[in-house]
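See structure below.
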Amino acid sequence: MTDSLQTADAPAPETDVVPGDLMSKFDGLIAERQALLDSGVRDPFAIVMEKVLSPTEAIIKGKKTILLGTYNYMGMTFDPDVIQAGKDALDQFGSGTNGSRMLNGTFQDHMEVEQALREFYGTSGAIVFSTGYMANLGMISTLAGKGDYIILDADSHASIYDGCKQGYAEIVRFRHNSVEDLDKRLGRLPPEAGKLVVLEGVYSMLGDIAPLKEMVAVAKKHGAMVLSDEAHSMGFYGPNGRGVYEEQGLEGQVDFIVGTFSKSVGTVGGFCVSNHPKFEAIRLACRAYIFTASLPPSVVATAAVSIRKLRHAHNKRQHLWENARTLHGNLKALGFKLGTENPDSAIIAVILPTQEEAVGMWQALLEQGLYVNMARPPATPAGMYLLRCSLCAEHTSEQIAEITAMFTAAGRAVGAIG
């Protein structure tokens, strides 16, 4: 027996590597997180809200904290009518459905929320999914099959990429928000092939909007259908709050609109609406719809009431835009580098040069009583670290002033501004 082999009774040498351990691939992430905690910084991705006081305030680590990172754009989470609808549904239908929509999981409130979506968007068809992620996963993987092409923005959300991976279509990416690159790549594809162009009204990291009007025109020129994810624009973009596509006059030209209940609607769930005459066939073919449990009645009941109220929430829309313009202007005047030149959406991204500076500023803000999202690769482009702020229609002018003061103090403490 050679020295390289062990005898049966010899002890194995100590090692941190266990052959075949599928968890070993995460060692780098574990070490990075531990180094962060050892430096005295709280984990930005493990925040616990001990109590939520309103759409704009919560208790975090025993301290009252302004919420500026929740996507609660229209502040519907504490609307009395919305809350009452959920309580009534709990009393009438219980806590859950115990099945998929295809089996026993369709209750009256599921039908009601789909009708509310048809009314809100002015479409003939609406299908509700369990989350916005599942809506993208299901629609994209079902619409484009073998021999078809999906053409998507390189900065698309993870759910869009995962929808592409779930299906069998060929995937083509184009440069972020580049109408020219989209045109060029569509022009290289077989004219007779089925093509789905996937766009987003508002991109969630930087808060920038897509030039949908030009992109839809290019897509139609090449015979492609268009799906627009309006998750981060529903409720406050456009005359009726339908999204960027409505603001840019594209109703009737976008084939499928995907959205979520977890942003402006204030609960959980996802959906797709369309005027396509064969749209209902999606229910018979979409695995993300057929093989997952349906949403609890209390959730869809709250969503239906919220959506119907959002149709008439003109004052809320106006105040949200006022908040976005004010805070964006304040942070820009202070010298922060922002994700967009102008306040294009309710998302304001404050870009920092290093992860250390981003984490340090995030911690400084939290200690003052302000919660924002910290984002880093792979959620952001390589080498980009940012603090993402999400404005709410319920933020008061006084809170915006307080937020500005907190950013001033934190920015100076870490050297981000003078």
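All heavy atoms count here, side chains included; hydrogens, waters and symmetry mates do not.
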Worksheet item: Does CE belonging to M111 count more than 12 external heavy atoms closer than 6.0 Å?
Response: no

Worksheet item: K195 side chain to P190 main-chain N or O, any donor-acceptor pair under 3.5 Å?
Response: yes

Worksheet item: Under 3.5 Å, side chain of N177 to main-chain N/O of I209, donor-acceptor pair present?
Response: yes

Discussion item. Determine whether a donor-acceptor pair (N or O, by modelled atom type, separation under 3.5 Å) exists between the side chain of H222 and the backbone of A224.
Written reply: no

Discussion item. Within a 6.0 Å radius of atom CG on D91, are there more than 12 heavy atoms belonging to other residues, nucleotides or ligands?
Written reply: yes

Worksheet item: Aromatic rings F107 and F93: how do their planes relate, parallel, tilted or perpendicular, breaks at 30° and 60°?
Response: tilted

Item to complete: Nearest 0.5 Å please: distance from the CE atom of M225 over to the CG atom of D148.
Response: 11.0 Å

Discussion item. Donor-acceptor pair, distance only, cut-off 3.5 Å: does the side chain of Y161 make one with the backbone of A154?
Written reply: yes

Fill in: Polar side-chain atom of T65 near backbone of K63 as donor-acceptor pair, under 3.5 Å
yes

Worksheet item: So which heavy atom on I307 is nearest to which on M234, and how close?
Response: CG1-CE, 4.2 Å

Worksheet item: Hey, mind stepping through L338 and V350 against side-chain contact (heavy atoms from CB on, under 4.5 Å) and telling me if it holds?
Response: CA-CA 5 Å; L338 305 182; V350 180; 3.9 Å; yes

Worksheet item: Rounded to the nearest 0.5 Å, what separation is found between the CG atom of L143 and the SG atom of C272?
Response: 7.0 Å

Worksheet item: Taking the six-membered ring where the residue is Trp, are the ring centres of F120 and F271 under 6.0 Å apart?
Response: no

Worksheet item: Is there a donor-acceptor contact under 3.5 Å from the side chain of N330 to the main chain of A401?
Response: no

Worksheet item: Do Q92 and D88 have a side chain donor and acceptor closer than 3.5 Å?
Response: no

Worksheet entry | Sub-4.5 Å side-chain heavy-atom contact between M384 and L206 | yes

Practice prompt. Please answer whether the main-chain N or O of G138 pairs with a side-chain N or O of T142 as donor and acceptor at a distance below 3.5 Å.
Written response: yes

Fill in: Exceeds 12 heavy-atom contacts within 6.0 angstrom, atom CZ of F45
yes

Worksheet item: side-chain contact (heavy atoms from CB on, under 4.5 Å) between Y237 and W321: does it pass, once the steps are laid out?
Response: CA-CA 9 Å; Y237 241 109; W321 280 110; 3.5 Å; yes

Discussion item. Do Q248 and M215 have side chains that approach each other closer than 4.5 Å (heavy atoms only, starting at C-beta)?
Written reply: no

Item to complete: May I ask you to say whether R308 pairs ionically with E112, meaning some side-chain N is under 4.0 Å from a carboxylate O?
Response: yes

Item to complete: Find out whether S156 and D229 are in side-chain contact, i.e. whether some heavy atom of one side chain is under 4.5 Å from a heavy atom of the other.
Response: no

Practice prompt. Inspect the contact between K332 and E341 and indicate whether a charged nitrogen and a carboxylate oxygen are less than 4.0 angstrom apart.
Written response: yes

Worksheet entry | K337 vs E357, salt bridge (charged side-chain N to carboxylate O under 4.0 Å, His left out): CA-CA, chis, key distance, verdict | CA-CA 13 Å; K337 181 181 179 181; E357 198 165 309; over 6 Å; no

Worksheet, complete the sentence: Value for CG (D208) from OH (Y203), rounded to nearest 0.5 Å, stands at 8.0 Å

Worksheet entry | N342 (side chain) donor-acceptor with D344 (main chain) under 3.5 angstrom | no

Practice prompt. Say whether H314 and R317, considering side chains only, have a donor N or O and an acceptor N or O under 3.5 Å apart.
Written response: yes

Worksheet entry | Under-4.0 Å salt bridge between R173 and D181 | no

Worksheet item: Side chains of I150 and V172: closer than 4.5 Å at any heavy-atom pair?
Response: no

Practice prompt. Compare every heavy atom of G383 with every heavy atom of P377, then report the nearest pair and how far apart it is.
Written response: CG-N, 3.7 Å

Worksheet item: Does atom NZ of K221 have more than 12 heavy-atom neighbours, drawn from other residues, nucleotides or ligands, at distances under 6.0 Å?
Response: yes

Practice prompt. Just jot down the side-chain hydrogen bond (donor to acceptor under 3.5 Å, both in side chains) partners of H232, sequence neighbours excluded, or say none.
Written response: Y73

Worksheet item: So, do F407 and I417 sit near enough that their side-chain heavy atoms are less than 4.5 Å apart?
Response: no

Worksheet item: Heavy atoms, side chains only, cut-off 4.5 Å: are K316 and M76 in contact?
Response: yes

Fill in: Audit row: L186, F174, side-chain contact (heavy atoms from CB on, under 4.5 Å) steps and yes/no
CA-CA 9 Å; L186 279 168; F174 64 91; over 6 Å; no

Item to complete: Take atom CD of E180 as the centre, draw a 6.0 Å sphere, and report whether it contains more than 12 heavy atoms from other residues, nucleotides or ligands.
Response: no

Fill in: Over all atoms of both residues, closest heavy-atom pair of L365 and A410
CD2-CB, 3.7 Å

Worksheet item: So, does S306 use its side chain to make a donor-acceptor pair with the main chain of V265 at under 3.5 Å?
Response: yes

Item to complete: Please indicate whether K220 has more than 12 foreign heavy atoms, meaning atoms of other residues, nucleotides or ligands, lying under 6.0 Å from its NZ.
Response: yes

Item to complete: For the residue pair Q166 and D162, confirm or rule out a side-chain donor-acceptor distance under 3.5 Å.
Response: no

Practice prompt. To the nearest 0.5 angstrom, please state how far the CZ atom of R283 sits from the CE atom of M102.
Written response: 10.0 Å

Worksheet item: What's the spacing between M205 CE and D155 CG if we round to 0.5 Å?
Response: 10.5 Å

Discussion item. So for atom NZ, which belongs to K146, do other residues, nucleotides or ligands contribute more than 12 heavy atoms lying within a distance under 6.0 Å?
Written reply: no

Discussion item. Ring-plane angle category for F256 and H276, please: parallel below 30°, perpendicular beyond 60°, tilted otherwise.
Written reply: parallel

Fill in: Steps toward side-chain contact (heavy atoms from CB on, under 4.5 Å) verdict (I47, R42)
CA-CA 8 Å; I47 288 296; R42 293 187 64 188; 3.9 Å; yes

Practice prompt. Please round to the nearest 0.5 Å and tell me the distance separating atom OH of Y71 and atom OG of S262.
Written response: 9.5 Å

Worksheet entry | R287 CZ: over 12 foreign heavy atoms closer than 6.0 Å | no

Practice prompt. Indicate yes or no for a side-chain donor-acceptor contact from W362 to the backbone of V372 under 3.5 Å, with no hydrogens or angles considered.
Written response: yes

Discussion item. Does anything in residues 239-254 form a salt bridge (Lys or Arg N to Asp or Glu O under 4.0 Å)? List the pairs, not counting sequence neighbours.
Written reply: R242-E251

Practice prompt. Answer yes if the side chains of E57 and S54 hold a donor-acceptor pair under 3.5 Å, and no otherwise.
Written response: no

Discussion item. Can you give me the closest heavy-atom contact between T292 and S130, atom names plus distance?
Written reply: CG2-OG, 3.7 Å

Worksheet item: Between F336 and A416, what is the shortest heavy-atom contact and its length?
Response: CE2-CB, 4.1 Å

Practice prompt. Taking all non-hydrogen atoms of both residues into account, name the closest pair between T260 and K263 and its distance.
Written response: CG2-CG, 3.3 Å

Worksheet item: Tell me, do I66 and H395 make a side-chain contact under 4.5 Å, heavy atoms counted?
Response: yes

Worksheet item: Do Y289 and R101 come within less than 4.5 Å of each other through their side chains, counting heavy atoms only?
Response: yes

